[in-house]
Amino acid sequence: MNFNTEIEQPSNTPKEEPLQVICSGILKKDGKKIIYVRFERGKDYAEGSIPQAKITSQSGFQAEEIAQLERYLLEHEHEIVAQAKSVNLMKNFMK
């Protein structure tokens with residue numbers, strides 16, 4: 001499930017491909033609800049989760065950008081949760 005974001009690029013970074021955000025449905029891990037979130041920009045990616053709001057793996061992003069992505073996870077948690085609720089895992093799996 002994709003939804004576009006308006007995360008601003010740091011001023012010292014040249015304008016690049018648009019940043020996409022992809023989120024899973026609401027899953028359970030160790031008895032707790034979790035949503036996995038992936039940010040993609042061309043070949044670059046960063047993966048994190050809600051509610052931790054931490055990037056756990058990445059390639060191609062600078063430290064300042066990772067901090068922005070983690071801030072995005074914190075500030076947009078409600079929107080991400082709403083998007084995750086609309087994900088039908090079985091329907092998407094069968095496509």
Side-chain angles (χ1 to χ4, degrees):
M1 187 59 74
N2 292 337
F3 57 102
N4 294 324
T5 66
E6 294 293 327
I7 297 176
E8 292 183 22
Q9 301 286 339
S11 58
N12 61 348
T13 303
K15 227 22 173 172
E16 297 181 15
E17 296 184 41
L19 184 66
Q20 287 192 325
V21 182
I22 303 163
C23 73
S24 71
I26 299 173
L27 306 170
K28 284 206 175 195
K29 181 178 180 182
D30 301 325
K32 297 179 182 178
K33 292 181 181 179
I34 188 168
I35 301 167
Y36 293 102
V37 181
R38 180 178 173 99
F39 298 92
E40 294 181 350
R41 178 184 65 203
K43 294 180 182 179
D44 302 339
Y45 74 89
E47 297 173 336
S49 61
I50 297 290
Q52 293 81 7
K54 293 289 179 195
I55 299 299
T56 55
S57 67
Q58 67 92 17
S59 176
F61 286 93
Q62 298 175 3
E64 182 180 338
E65 293 173 309
I66 295 299
Q68 286 180 329
L69 296 177
E70 289 178 343
R71 195 167 41 253
Y72 179 87
L73 290 173
L74 279 173
E75 293 173 359
H76 293 87
E77 180 176 356
H78 294 292
E79 294 169 32
I80 295 168
V81 169
Q83 185 70 22
K85 286 180 180 179
S86 73
V87 173
N88 182 329
L89 296 176
M90 288 307 291
K91 182 180 176 182
N92 289 336
F93 178 73
M94 300 303 283
K95 284 186 178 181

Partners meeting side-chain contact (heavy atoms from CB on, under 4.5 Å) with Leu74 (sequence neighbours left out): Ala53

Stepwise side-chain contact (heavy atoms from CB on, under 4.5 Å) test for Phe61 and Leu19: CA-CA 11 Å; Phe61 286 93; Leu19 184 66; 3.9 Å; yes

Qualifying residues under side-chain contact (heavy atoms from CB on, under 4.5 Å), relative to Lys29, sequence neighbours excluded: Ile34, Tyr36

Pairs flagged by salt bridge (Lys or Arg N to Asp or Glu O under 4.0 Å) wherever residues 52-62 is involved - sequence neighbours left out: none

Interatomic distance, Ile50 atom CD1 to Glu77 atom CD [nearest 0.5 angstrom]: 5.0 Å

Results of salt bridge (Lys or Arg N to Asp or Glu O under 4.0 Å) for Glu47 - residues two or more places apart only: Arg38

Check against side-chain contact (heavy atoms from CB on, under 4.5 Å), Arg41 and Glu65: CA-CA 12 Å; Arg41 178 184 65 203; Glu65 293 173 309; 2.7 Å; yes

Same apolar cluster (I L V M F W Y, side chains within < 4.5 Å links), Tyr45/Ile35: no

Considering all heavy atoms, the nearest Ser49-Leu73 contact: O-CD1, 4.2 Å

Rounded distance (nearest 0.5 Å) linking atom CD of Gln52 with atom NZ of Lys32: 8.5 Å

Nearest heavy-atom neighbours spanning Ala84 and Cys23: N-SG, 3.9 Å

Polar side-chain atom of Glu70 near backbone of Ile55 as donor-acceptor pair, under 3.5 Å: yes

